[in-house]
Amino acid sequence: MIRLIRYELIKQFCKRSILALFAVFSLANLCKIYGEYRSYSYLADGDGARSWHTVYWQLYEEYRGGITPEKIERLLAVYQPLAQATSDMTASTATDDPNTMTGNLYSDRNLLYKYFVTPMQYFYEYSGMAEQAATRARQNAALYGKQGAVYRQRESAAIYNIYAGRSIPAFAYQEMCNYYLNYDFSTVLALMLCLYGIIGTFVSEKETQMDMLLLVSPCGGRKTALAKILAATLFLLFTSLWFSLLDLIGFAASFQTFEGLTLPIFAIPNFAKASVNISIFQYVLLSAALKCAGTWEIGMLWLLVSMFWKNALLPFVINFALCMALIVSGAACAYSNFFWTKVLNPYSLLTNRVLLGNTEFVNLGGFPVLTWQAAVWISLTAGLVFAAMIYFLSAENCHRCVRRKK
């Protein structure tokens with residue numbers, strides 16, 4: 001079976017066209033990431049002595065690490081005079097002021113406000129916000145307990161356990177992580193590559209009528225179908241993991257740092273209500289696993305559709321339409337209160353910040369289950385059902401049929 005899987009993997013997914021698409025899509029992804037850095041980061045202004053990039057990293061060495069009252073006081077001692085001097089918009093606009101860090105008073109103020117004051121204030125105040133949420137959840141749990149609303153009580157207790165004790169004790173650079181966690185372009189590339197690779201798994205042999213010959217082979221029939229399923233699974237998982245890894249490497253190379261990966265995920269403002277208490281690096285690993293689950297379910301659905309056709313064009317169009325329907329519906333319901341629409345759509349696992357970035361539950365048997373957890377189990381179950389359907393709907397080996405008749 002291992003040799004058969006390897007043969008199917010090489011035959012179906014090591015084609016020149018697929019390898020070429022891998023290279024082109026990977027390069028396009030890296031170019032897009034670098035474009036994100038050049039377009040949106042204020043630190044992409046070169047490495048001159050007075051550039052934001054240079055000044056920021058000089059200041060960063062002073063303020064990084066544990067957040068203490070002394071650090072906050074030092075930062076405010078630098079920032080407040082700048083804020084006061086520029087508050088009435090009458091300060092000098094000279095760009096070569098020798099008494100400034102970047103050559104301009106307004107530029108100094110903006111740099112400190114955007115990259116130090118705002119994030120440090122958020123980090124410092126987050127523990128208080130989390131404690132308020134935990135307190136409200138505890139009070140709600142007690143209230144619902146008195147009213148006999150068991151599910152609401154359990155949900156409030158779960159929220160309390162998630163938010164209680166949250167804090168961001170250290171200050172670190174988080175811009176790279178912020179853009180990385182909100183990046184989706186590679187998801188589309190990975191889906192298109194997977195779709196192109198999956199289409200030929202069954203169709204290629206039907207186009208040449210090799211499927212009839214395989215039925216009389218000892219390794220044909222359902223044994224070959226199982227090998228195709230497993231080979232396709234390896235291709236889908238590799239593609240998903242490859243682009244997840246490429247995203248991280250691309251952002252780290254473009255922003256020239258891995259700083260911020262040890263921060264808790266809720267250190268990113270978009271993830272203030274995150275349902276997981278893990279570091280950003282742990283989130284990266286979890287996100288990659290969720291993308292694999294979602295990609296595998298979609299891939300098995302594509303494989304099931306394509307096995308009934310004798311040419312690649314029509315199943316490609318049908319599967320592309322299915323893919324677009326999942327993407328459009330996933331985007332439309334991403335921030336709605338219809339939690340089940342997100343849970344049942346595997347595309348939500350590919351853009352998993354929709355699930356992980358908010359604390360949302362679905363009711364399963366009277367117990368609150370986080371949407372991302374429910375989505376994973378449903379995705380794996382659906383993928384197994386699709387794979388089983390592919391296996392049992394495949395033609396059985398003729399030699400085996402003959403032996404059964406005897």
Starting at [atom1] of [X], measure out to [atom2] of [Y] and round the result to the nearest 0.5 Å.
X      : Y      : atom1 : atom2 : answer
Thr239 : Leu193 : OG1   : CG    : 5.0 Å
Glu155 : Arg152 : CD    : CZ    : 5.0 Å
Asn363 : Tyr151 : CG    : OH    : 4.5 Å
Leu191 : Leu350 : CG    : CG    : 5.0 Å
Leu59  : Phe116 : CG    : CZ    : 4.5 Å
Leu76  : Glu73  : CG    : CD    : 8.0 Å

Shortest non-hydrogen contact from [X] toward [Y]:
X      : Y      : result
Ile198 : Ala232 : CD1-CB, 3.7 Å
Phe25  : Met192 : CE2-CB, 4.1 Å
Leu380 : Ala293 : CD2-CB, 4.3 Å
Leu349 : Asn352 : O-ND2, 2.9 Å
Gly260 : Ala172 : CA-CB, 4.4 Å
Leu263 : Ala170 : CD2-O, 3.6 Å

* To do: Verify side chain to side chain donor-acceptor pair (under 3.5 Å) between Trp52 and Ser107, making sure each step is shown before the conclusion.
  => CA-CA 9 Å; Trp52 276 36; Ser107 180; 2.6 Å; yes
For [X], does the [atom1] atom have more than 12 heavy-atom neighbours from other residues, nucleotides or ligands under 6.0 Å away?
X      : atom1 : value
Arg50  : CZ    : yes
Phe320 : CZ    : no
Asp47  : CG    : no
Lys273 : NZ    : no

Using modelled atom types and a 3.5 Å cut-off, is there a donor and acceptor pairing between side-chain atoms of [X] and backbone atoms of [Y]?
X      : Y      : answer
Asp247 : Tyr180 : no
Ser87  : Gln84  : yes
Ser379 : Pro346 : no
Asn345 : Thr341 : no
Thr295 : Ser240 : no
Ser39  : Gly35  : yes
Arg138 : Tyr160 : no
Thr351 : Tyr347 : yes
Gln174 : Ala267 : yes
Lys342 : Ala375 : no

Can you confirm whether the side chains of [X] and [Y] place a donor and an acceptor under 3.5 Å from each other?
X      : Y      : result
Ser254 : Glu36  : no
Glu259 : Tyr60  : yes
Thr233 : Trp296 : yes
Asn104 : Thr95  : no
Tyr179 : Ser41  : no

* Would you check, one step at a time, whether the test side chain to side chain contact (heavy atoms under 4.5 Å, CB included) holds for Val369 with Phe361? => CA-CA 5 Å; Val369 178; Phe361 301 89; 5.9 Å; no
* Tyr183 and Ile33: side chain to side chain contact (heavy atoms under 4.5 Å, CB included), yes or no, with the steps? -> CA-CA 9 Å; Tyr183 181 74; Ile33 291 172; 3.6 Å; yes
* To do: Report the residues that fulfil side chain to side chain contact (heavy atoms under 4.5 Å, CB included) with Thr118, sequence neighbours left out, ordered by chain and then residue number.
  =>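 Listed in chain order: Tyr113.
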* How would you list, by chain and number, every residue that makes a side chain to side chain contact (heavy atoms under 4.5 Å, CB included) with Ile378, sequence neighbours excluded? ->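 Side chain to side chain contact (heavy atoms under 4.5 Å, CB included) list for Ile378, sorted by chain: Trp340, Val343, Leu344.
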Is there a side-chain contact between [X] and [Y], using heavy atoms and a 4.5 Å cut-off?
X      : Y      : value
Val376 : Gln373 : no
Val78  : Arg74  : no
Thr371 : Asn358 : no
Leu237 : Cys292 : yes
Leu290 : Leu356 : yes
Gln256 : His53  : yes
Leu370 : Val276 : no
Leu230 : Leu234 : no

Apply ring pair (Phe, Tyr, Trp, His ring centres under 6.0 Å) to [X] and list each qualifying residue two or more places apart in sequence or on a separate chain.
X      : answer
Tyr106 : none
Tyr122 : Tyr126
Tyr124 : none

* To do: Give the intermediate values and the outcome of side chain to side chain contact (heavy atoms under 4.5 Å, CB included) for residues Trp242 and Ser26.
  => CA-CA 9 Å; Trp242 169 254; Ser26 297; 2.9 Å; yes
* Residue from Tyr42, Tyr63, Tyr115 passing ring pair (Phe, Tyr, Trp, His ring centres under 6.0 Å) with Tyr56 ->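 By the ring pair (Phe, Tyr, Trp, His ring centres under 6.0 Å) criterion, Tyr56 pairs with just one of Tyr42, Tyr63, Tyr115: Tyr115.
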* Asked: Relative to the ring of Phe13, is the ring of Phe235 parallel (under 30°), tilted (30 to 60°) or perpendicular (over 60°)?
  ->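 Parallel, since the angle between the ring planes stays under 30°.
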* **Sequence-distant partners of Glu61, salt bridge (Lys or Arg N to Asp or Glu O under 4.0 Å), two or more places apart** =>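 Glu61 satisfies salt bridge (Lys or Arg N to Asp or Glu O under 4.0 Å) with Arg64 once adjacent residues are dropped.
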* Asked: Do you know which of Ile268, Asp184, Asn270 makes side-chain contact (heavy atoms from CB on, under 4.5 Å) with Arg353?
  ->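 Option passing the side-chain contact (heavy atoms from CB on, under 4.5 Å) with Arg353: Asp184.
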* Would Ile318 and Leu314 count as a side chain to side chain contact (heavy atoms under 4.5 Å, CB included) if you check the C-alpha gap in whole Å, the side-chain angles of each, and the deciding distance to 0.1 Å? -> CA-CA 6 Å; Ile318 294 173; Leu314 191 55; 4.1 Å; yes
